[in-house]
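No experiment lies behind these values; they were computed from the predicted model shown. Heavy-atom basis, side chains included; hydrogens, waters and symmetry copies ignored.
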Amino acid sequence: MYKRIHVVVMDSVGVGALPDAREYGDADANTLGHILEETGVLLENMEKMGLSSIVAAAKGPKLPEKGYAGRLAEKSCGKDTMTGHWELMGLLTKNPFPTYPNGFDKELLDKIEAYSGRKVVCNLPYSGTKVIDDYGPEQLEKGTLIVYTSADPVLQIAAHEEIIPLEELYDICKYVRSITLEPPHLIGRIIARPYIGTPGHFARTSHRHDYAVLPHGATTMDHMKGSGHDVIAIGKINDIFSGQGVTKSIPTSDNMDGVNQLISVLAEDFNGMSFLNLVDFDAKFGHRRDTPGYGQCLLEFDRRIPEIIKGLRQDDLLLITADHGNDPTQPGTDHTREYVPLLAYSPSMQGGGHLPDGNFYDISATICENFGLPVLQGKSLLAAF
């Protein structure tokens, strides 16, 4: 048994279309495979962990000498952040969150305008960087509120920090969250998107904040916390679960800061789990369909893996996985319905090999069995290690 389990989510790093991907318009998706094919990036450290046994485009040794590699399939309906993360923690979502390809209805916007005292502009699916380029000048001049969405179940509010201070932006988002908790306006996440700069030189800041709907049931994290174990949420994990089941939350500014925070956590003495989300793959490169940038981002993370492994203790287990795909070679800017990787490593492992295909919630089952908790969903992988 392990004293600590560390789950690292490479946000959107899928490894090939799921059998039902065609129903989602993603029959040809393969985020990691296509990035490796187009960029030629060599992820040496993940290769050592068995990446090439699950991604045909990878190069290097086929199976790890130490550690285990496999693929996990999503059982929940959907391909969004919350659905993926919740299932990793044992909570299935049977009804997908609605999306808003035509924007939000007038009734909801009227309420936002009445509460904020600001006129809403945009109200369309939009790139987060392009929306501030297009609507930022008007916000600077008139103090408008930039409301937009994406292919995800989200309502995002972009606000220049000098025009709409953070406290005001967060307050508006909290209000919007309070009126979008049930149909007809059930929205997965309300996201504050602050930025700074001048027209032509706008830049989003690290003060983003997500206000997610509460998980619709108990997760592994709840049971861990309830049994007295530590649950350390790093990055946007706390937002994804609305703080539910978290004993300590550590915010991050980007992927490399996330790795830094994880390494610091590894040096702490605790009994339980850490849970890290590395959001840059998805937010900065997947949605923007930036294949070279995505490849470089993967390489930057891969180069940090030796530091992570060095920080592991003998009774630690590291699980590197993802929550969905976001293939930058596919049309549109949506997530893609894909298998996700599972790279498992512990200094105490005696051998290595390939794992048969499993499901997202097998990670939950593994954590539960390890800490003597009832298994919510799935099959524990402990016996395979």
Side-chain angles (χ1 to χ4, degrees), residues 11-12 20 23-25 74-116 120 122-126 128 131 145-159 169-193 208-219 221-222 236-246 277 279 282-283 287 323-324 326 332-337 360-361 376-377:
D11 201 310
S12 85
D20 63 356
E23 299 172 21
Y24 293 80
E74 186 168 14
K75 286 293 187 182
S76 295
C77 295
K79 52 180 179 177
D80 61 84
T81 296
M82 290 191 305
T83 298
H85 280 80
W86 290 359
E87 186 173 331
L88 290 171
M89 291 295 108
L91 182 62
L92 286 176
T93 300
K94 296 182 179 179
N95 298 311
F97 288 99
T99 55
Y100 304 88
N102 301 310
F104 304 97
D105 65 34
K106 185 176 183 299
E107 178 189 359
L108 178 59
L109 299 183
D110 286 346
K111 289 181 178 180
I112 296 173
E113 289 185 341
Y115 181 84
S116 66
V120 168
C122 187
N123 188 34
L124 293 168
Y126 235 98
V131 78
L145 206 60
I146 305 172
V147 173
Y148 67 107
T149 186
S150 69
D152 299 330
V154 297
L155 183 153
Q156 305 186 77
I157 302 178
L169 173 60
Y170 293 160
D171 179 70
I172 293 170
C173 288
K174 289 176 184 176
Y175 168 74
V176 178
R177 175 73 285 166
S178 73
I179 62 172
T180 56
L181 293 172
E182 57 186 30
H185 301 305
L186 175 62
I187 300 174
R189 282 181 293 157
I190 311 302
I191 306 178
R193 288 287 198 174
R208 163 184 171 162
H209 192 80
D210 293 34
Y211 300 86
V213 67
L214 281 170
H216 53 80
T219 70
M221 295 160 63
D222 294 308
K236 71 174 186 176
I237 294 296
N238 189 68
D239 289 346
I240 293 169
F241 290 86
S242 294
Q244 191 167 299
V246 174
N277 174 279
V279 69
D282 188 53
H287 285 301
D323 55 341
H324 50 69
N326 198 343
T333 60
D334 196 2
H335 293 156
T336 43
R337 176 84 169 174
F360 281 26
Y361 47 48
L376 302 177
Q377 304 275 354

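With contacts defined as side-chain heavy-atom distances shorter than 4.5 Å, the pair Val131/Gln156 does not qualify. Contact of the Thr180 side chain with the Leu155 side chain is not registered, since no non-hydrogen atoms from C-beta on lie closer than 4.5 Å. Within the 4.5 Å cutoff, the side chain of Thr83 has heavy atoms near those of the Phe97 side chain. Between Ser76 and Leu92 the shortest side-chain heavy-atom distance falls below 4.5 Å.
The heavy-atom pair separating Ala218 from Leu376 by the smallest distance is O-CD1, 3.9 Å. The two residues His85 and Asp323 make their nearest non-hydrogen contact at CE1-OD2, 3.0 Å. Of all non-hydrogen atoms in Val120 and Glu113, the two that sit nearest each other are N-OE2, 2.8 Å. Between Thr336 and Asn326 the shortest heavy-atom distance is OG1-N, 3.0 Å. Nearest heavy atom pair, residue His287 against residue Thr333, reads ND1-O, 2.7 Å. Taking both residues in full, the closest heavy atoms of Pro101 and Pro125 are given as O-CG, 3.3 Å, listed atom of the first, atom of the second, then distance.
Partners of Asp152 under the salt bridge (charged side-chain N to carboxylate O under 4.0 Å, His left out) rule, at least two apart in sequence or in another chain, do not exist in this structure. Among residues two or more places apart in sequence or in another chain, the side-chain hydrogen bond (donor to acceptor under 3.5 Å, both in side chains) test is passed with Gln377 by none. Asp105 meets the salt bridge (charged side-chain N to carboxylate O under 4.0 Å, His left out) test with no other residue; sequence neighbours excluded. His185 is linked by a ring-ring contact (aromatic ring centres under 6.0 Å, His included) to nothing, counting only residues two or more places apart in sequence or in another chain. Legend: residues meeting side-chain contact (heavy atoms from CB on, under 4.5 Å) with Tyr175, ordered by chain and number and at least two apart, are Lys111, Tyr115, Ser178, Ile179. Looking at residues two or more places apart in sequence or on another chain, you find a ring-ring contact (aromatic ring centres under 6.0 Å, His included) between His324 and His335. Tyr100 meets the side-chain hydrogen bond (donor to acceptor under 3.5 Å, both in side chains) test with no other residue; sequence neighbours excluded. Lys236 meets the salt bridge (charged side-chain N to carboxylate O under 4.0 Å, His left out) test with Asp11; sequence neighbours excluded. Checked against side-chain hydrogen bond (donor to acceptor under 3.5 Å, both in side chains), Thr99 has no partners two or more places apart in sequence or in another chain. In this structure, the side-chain hydrogen bond (donor to acceptor under 3.5 Å, both in side chains) partners of Asp110, at least two apart in sequence or on a different chain, are Lys106.
At least one donor-acceptor pair under 3.5 Å links the side chain of Asn123 to the backbone N or O of Phe104. Looking only at distances, no side-chain donor or acceptor of Trp86 sits under 3.5 Å from a matching main-chain atom of Thr219.
Atoms OG1 and CD1, from Thr149 and Ile191 in turn, are 8.5 Å apart once rounded to the nearest 0.5 Å. In this structure, CG in Leu186 is found 8.0 Å from CG in Leu181, a value given to the nearest 0.5 Å. The OH atom of Tyr148 sits 10.0 Å away from the CD1 atom of Ile157 when rounded to the nearest 0.5 Å. For the atom pair CD1 of Ile172 and OG of Ser116, the computed distance is 5.0 Å after rounding to the nearest 0.5 Å.
The pair Lys79-Glu74 does not count as a salt bridge, with every side-chain nitrogen at least 4.0 angstrom from each carboxylate oxygen.
Within the structure, salt bridge (Lys or Arg N to Asp or Glu O under 4.0 Å) pairs that include any residue of residues 83-93 do not occur (at least two apart or interchain).
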Between side-chain atoms of residues 208-215 and protein atoms elsewhere (two or more places apart, or another chain), which donor-acceptor pairs fall under 3.5 Å?
{"from": "Arg208", "atom 1": "NE", "to": "Asp210", "atom 2": "OD1", "distance (Å)": "2.7"}
{"from": "Arg208", "atom 1": "NH2", "to": "Asp210", "atom 2": "OD1", "distance (Å)": "3.4"}
{"from": "Arg208", "atom 1": "NH2", "to": "Asp210", "atom 2": "OD2", "distance (Å)": "2.8"}
{"from": "Asp210", "atom 1": "OD2", "to": "Arg189", "atom 2": "NH1", "distance (Å)": "2.9"}

